[in-house]
Asks: 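The structure's right below; bear with me while I get my questions together.
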Amino acid sequence: MADQLENLIAEKIRTAFGQGTALVSLQGLAGDASSRRYFRALLKGTKTPSSIVVMNFPTNNVLPLSSEELAVFKAPPKELPFLNLHRFLTHIGARVPNLYGSWEKDGVLLLEDLGDVALWDRVQALPEREILSWYRKAIDELTVLQVRGTQERDDSCIAFQQRFDFRLYTWEFEHFLEYGLEKRPGVLVAPAAIGELRKIFADIAQRLDHQPACFNHRDYHSWNLMIHDNRVAVIDFQDALLAPPQYDLASLLNDRITDSVIRPPLEERLIDYYIEKRTEAARQPIDRDEFFEIYLLSTVQRDLKVVGRFYYLDLVKGKPGYKKFIGPTLRRLKRNLPRLPRLEKVIPLLAQYFEEMR
């Protein structure tokens with residue numbers, strides 16, 4: 001099977017770059033939480049890049065999405081979501097990897113190699129002023145996606161066929177309740193606690209559902225932003241959809257272990273920078289207090305989803321590697337919930353079942 005895949009990739013490389021191009025080697029790359037696989041192909045030829053990235057995905061007549069909850073459309077996608085979004089993002093001038101060739105029926109895409117340095121890797125051990133600079137670059141790119149992407153709306157783009165609404169927020173909260181609590185080994189959850197949490201979560205979902213929506217990447221975090229030629233490039237964008245603008249910013253500043261670098265004072269400065277850049281680009285004033293409330297609600301909602309998701313990946317998908325991020329995520333929830341006075345009561349409810357919340 002491995003030889004068969006390598007031969008298929010070599011054939012597609014020759015098709016894309018010419019018959020004189022040779023595949024020197026194929027190296028597996030770390031994947032994500034989806035069914036996709038990635039390889040770095042080293043090439044030899046006269047007019048070819050020295051390396052490219054190969055995306056390989058299942059060809060079982062189901063176009064792959066990263067998240068099951070996003071698989072509900074008015075009509076099934078007719079095109080690979082990655083390709084659909086790539087075309088749109090290229091059109092609006094976002095920095096995404098170049099596409100050299102695509103063969104959906106064979107489950108192969110050939111992409112520009114952006115290297116191995118994600119934003120998170122780049123900022124390690126840097127002084128705060130340089131961390132601030134790099135995250136400002138990420139916010140600059142986010143402004144392109146959110147403002148220009150919304151202004152140049154294209155209904156053929158799959159992102160405009162889905163939005164974070166009450167249904168989807170509720171699905172994600174239920175995902176947390178199911179896998180973060182009810183199905184977690186060794187945990188016996190009181191039905192009354194589930195009922196109380198469900199009421200609180202419904203209120204959050206209702207509040208977020210009523211917010212104006214714009215184009216969102218949906219996973220705009222420090223591991224999906226690659227540093228290439230001193231710029232921030234965006235990957236893993238196939239689940240883009242409409243959501244409040246605070247959602248992607250919450251993803252950027254609150255994900256996995258970002259608290260070790262982005263502490264509250266730096267977070268405040270980056271939020272202010274985002275508001276400044278968005279105001280300039282969209283030419284619309286922003287009420288900072290209202291913006292910050294929705295930002296915090298988005299952060300809490302997303303972190304709860306993430307806890308449930310990481311338990312799900314371990315229990316159902318057999319991918320335990322994400323469990324190490326659950327503790328830091330819970331500690332961030334404990335820090336952020338009191339910043340929203342009406343959500344302080346969530347802490348004692350969760351503290352019964354999570355040591356990090358005590």
Asks: Determine whether Tyr38 and Arg36 satisfy the following criterion, side-chain hydrogen bond (donor to acceptor under 3.5 Å, both in side chains), listing intermediate values before the conclusion.
Replies: CA-CA 7 Å; Tyr38 296 89; Arg36 298 182 297 272; 2.9 Å; yes

Asks: Look only at the side chain of Asn336 and the backbone of Val300, and say whether a donor-acceptor pair between them is shorter than 3.5 Å.
Replies: no

Asks: Show your working on salt bridge (Lys or Arg N to Asp or Glu O under 4.0 Å) between Arg87 and Asp154 and close with a plain yes or no.
Replies: CA-CA 11 Å; Arg87 182 169 58 251; Asp154 179 352; over 6 Å; no

Asks: Does the side chain of Leu252 reach to within under 4.5 Å of the side chain of Thr258, using non-hydrogen atoms?
Replies: no

Asks: Is the NZ or CZ atom of Arg136 both under 6.0 Å from the centre of the six-membered ring of Tyr273 and within 45° of that ring's axis?
Replies: yes

Asks: Please say whether more than 12 non-hydrogen atoms of neighbouring residues, nucleotides or ligands are located less than 6.0 Å from CZ in Arg129.
Replies: no

Asks: For Ser251 and Arg302, which heavy atoms make the closest approach, and how far apart are they?
Replies: OG-NE, 2.8 Å

Asks: Would you please name every residue forming a salt bridge (charged side-chain N to carboxylate O under 4.0 Å, His left out) with Arg153, sequence neighbours left out?
Replies: Asp155

Asks: Whether Asp314 and Arg309 form a salt bridge (side-chain N of Lys/Arg under 4.0 Å from carboxylate O of Asp/Glu) is what I want to check.
Replies: no

Asks: Hey, does Thr279 have a side-chain heavy atom less than 4.5 Å from the side chain of Gln284?
Replies: no

Asks: Under 3.5 Å, side chain of Glu344 to main-chain N/O of Leu340, donor-acceptor pair present?
Replies: no

Asks: Out of the candidates Trp171, Phe166, Phe173, only one should pair with Phe201 under the ring-ring contact (aromatic ring centres under 6.0 Å, His included) rule; please name it.
Replies: Phe173

Asks: Taking the six-membered ring where the residue is Trp, are the ring centres of Tyr247 and Tyr220 under 6.0 Å apart?
Replies: no

Asks: Can any side-chain N or O of Lys324 pair as donor or acceptor with the backbone N or O of Gly321 at less than 3.5 Å?
Replies: yes

Asks: Would you confirm whether Asn56, through its side chain, and Gly107, through its main-chain N or O, come within 3.5 Å as a donor-acceptor pair?
Replies: yes

Asks: Please round to the nearest 0.5 Å and tell me the distance separating atom CG of Leu333 and atom OG1 of Thr299.
Replies: 9.5 Å

Asks: Heavy atoms only: give me the nearest Ala190-Tyr353 pair and the separation to one decimal.
Replies: N-OH, 3.2 Å

Asks: If you define the side chain from C-beta out and look only at heavy atoms, does anything of Leu110 sit under 4.5 Å from Leu99?
Replies: no

Asks: Search all heavy atoms of Gly180 against all heavy atoms of Phe354 and return the closest pair with its distance.
Replies: O-CZ, 3.3 Å

Asks: Run the salt bridge (Lys or Arg N to Asp or Glu O under 4.0 Å) check on Arg40 and Asp116 step by step: do they pass?
Replies: CA-CA 10 Å; Arg40 172 169 287 121; Asp116 296 313; 2.9 Å; yes

Asks: What do the steps show when you test Glu130 against Arg122 for salt bridge (Lys or Arg N to Asp or Glu O under 4.0 Å), and what is the final call?
Replies: CA-CA 10 Å; Glu130 293 185 41; Arg122 185 66 183 83; 5.3 Å; no

Asks: Given 3.5 Å as the limit, does a donor-acceptor pair link the side chain of Glu112 with the main chain of Pro97, or not?
Replies: no

Asks: Report yes or no: does Arg263 contribute a side-chain atom to a donor-acceptor pair with the main-chain N or O of Ser260 at less than 3.5 Å?
Replies: yes

Asks: Can you check whether Glu128 reaches Arg269 side chain to side chain, under 4.5 Å on heavy atoms?
Replies: yes

Asks: Working to the nearest 0.5 Å, report the span between CD of Glu6 and CD of Glu11.
Replies: 13.0 Å

Asks: Are Asp236 and Gln238 close enough that a side-chain donor and a side-chain acceptor fall under 3.5 Å?
Replies: yes

Asks: What heavy-atom pair brings Ala240 and Phe215 nearest, and what distance separates the two atoms?
Replies: CB-CZ, 3.7 Å

Asks: May I ask you to say whether Arg198 pairs ionically with Glu174, meaning some side-chain N is under 4.0 Å from a carboxylate O?
Replies: yes

Asks: State whether a side-chain donor-acceptor pair under 3.5 Å links Ser51 with Asp113.
Replies: yes

Asks: With Asp303 as reference, evaluate Arg332, Arg331, Arg256 under the salt bridge (charged side-chain N to carboxylate O under 4.0 Å, His left out) test and give the passing residue.
Replies: Arg332

Asks: Work out which heavy atom in Asn98 is nearest to a heavy atom in His86; give both atom names and the distance.
Replies: C-NE2, 4.1 Å

Asks: After noting the C-alpha distance and the side-chain angles of Arg358 and Glu355, does the key distance pass the salt bridge (Lys or Arg N to Asp or Glu O under 4.0 Å) rule?
Replies: CA-CA 6 Å; Arg358 295 169 196 161; Glu355 182 180 347; 5.0 Å; no

Asks: Take Asp255 and Trp223 through the test side-chain contact (heavy atoms from CB on, under 4.5 Å) and record every step on the way to the result.
Replies: CA-CA 9 Å; Asp255 192 82; Trp223 290 263; 3.6 Å; yes

Asks: Is there a donor-acceptor contact under 3.5 Å linking the side chains of Glu267 and Tyr135?
Replies: no

Asks: May I ask whether Val189 and Tyr312 are part of the same hydrophobic cluster, defined by side-chain heavy atoms of I, L, V, M, F, W, Y residues being less than 4.5 angstrom apart, directly or through others?
Replies: yes

Asks: Ignoring hydrogens and geometry, is there a side-chain-to-backbone donor-acceptor pair from Lys137 to Asn230 under 3.5 Å?
Replies: yes

Asks: Can you tell me how far the CG atom of Leu43 sits from the CD1 atom of Ile52, to the nearest 0.5 Å?
Replies: 5.0 Å

Asks: Among Leu29, Val53, Leu5, whose side-chain contact (heavy atoms from CB on, under 4.5 Å) with Phe39 holds?
Replies: Leu5

Asks: Taking the side chain as every heavy atom from C-beta outward, state whether Thr48 and Ile13 have any pair of such atoms under 4.5 Å apart.
Replies: no

Asks: Counting distance only, does the side-chain N/O of His217 pair as donor-acceptor with the main-chain N or O of Ile235 below 3.5 Å?
Replies: yes

Asks: Measure from the side-chain N and O atoms of Asn216 to the backbone N and O of Asp248, and report whether any donor-acceptor pair falls under 3.5 Å.
Replies: yes

Asks: Measuring only between side-chain heavy atoms, which start at C-beta, is Met226 closer than 4.5 Å to Leu119?
Replies: no

Asks: Should the pair Phe237 and Phe82 be assigned to parallel (<30°), tilted (30 to 60°) or perpendicular (>60°) ring geometry?
Replies: parallel

Asks: Is the closest basic N to carboxylate O distance between Arg167 and Asp209 below 4.0 Å?
Replies: no

Asks: Measure the shortest side-chain to side-chain distance between Arg288 and Ile271 over non-hydrogen atoms and say whether it is less than 4.5 angstrom.
Replies: yes

Asks: Would you call Arg335 and Leu330 a side-chain contact if the rule is heavy atoms closer than 4.5 Å?
Replies: no

Asks: Do Asn84 side-chain atoms and Ser156 backbone N/O form a donor-acceptor pair below 3.5 Å?
Replies: yes

Asks: Atom CG of Leu85 and atom SG of Cys157: how far apart are they, to the nearest 0.5 Å?
Replies: 4.5 Å

Asks: With ring centroids as reference points, do Phe291 and Tyr274 lie under 6.0 angstrom apart?
Replies: yes

Asks: Hey, what do you get for CD (Gln211) to OG (Ser298), rounding to the nearest 0.5 Å?
Replies: 8.0 Å

Asks: Test side-chain contact (heavy atoms from CB on, under 4.5 Å) on Leu349 and Ile200; report intermediate values, then the result.
Replies: CA-CA 11 Å; Leu349 286 169; Ile200 295 169; 4.0 Å; yes

Asks: Between Arg342 and Asp203, is there a side-chain N and carboxylate O pair less than 4.0 Å apart?
Replies: no

Asks: Write down the atom of Ala138, the atom of Leu225, and the distance for their closest heavy-atom approach.
Replies: CB-CD1, 3.9 Å

Asks: Roughly how far, to the nearest 0.5 Å, is the CD atom of Glu356 from the OG1 atom of Thr329?
Replies: 9.5 Å

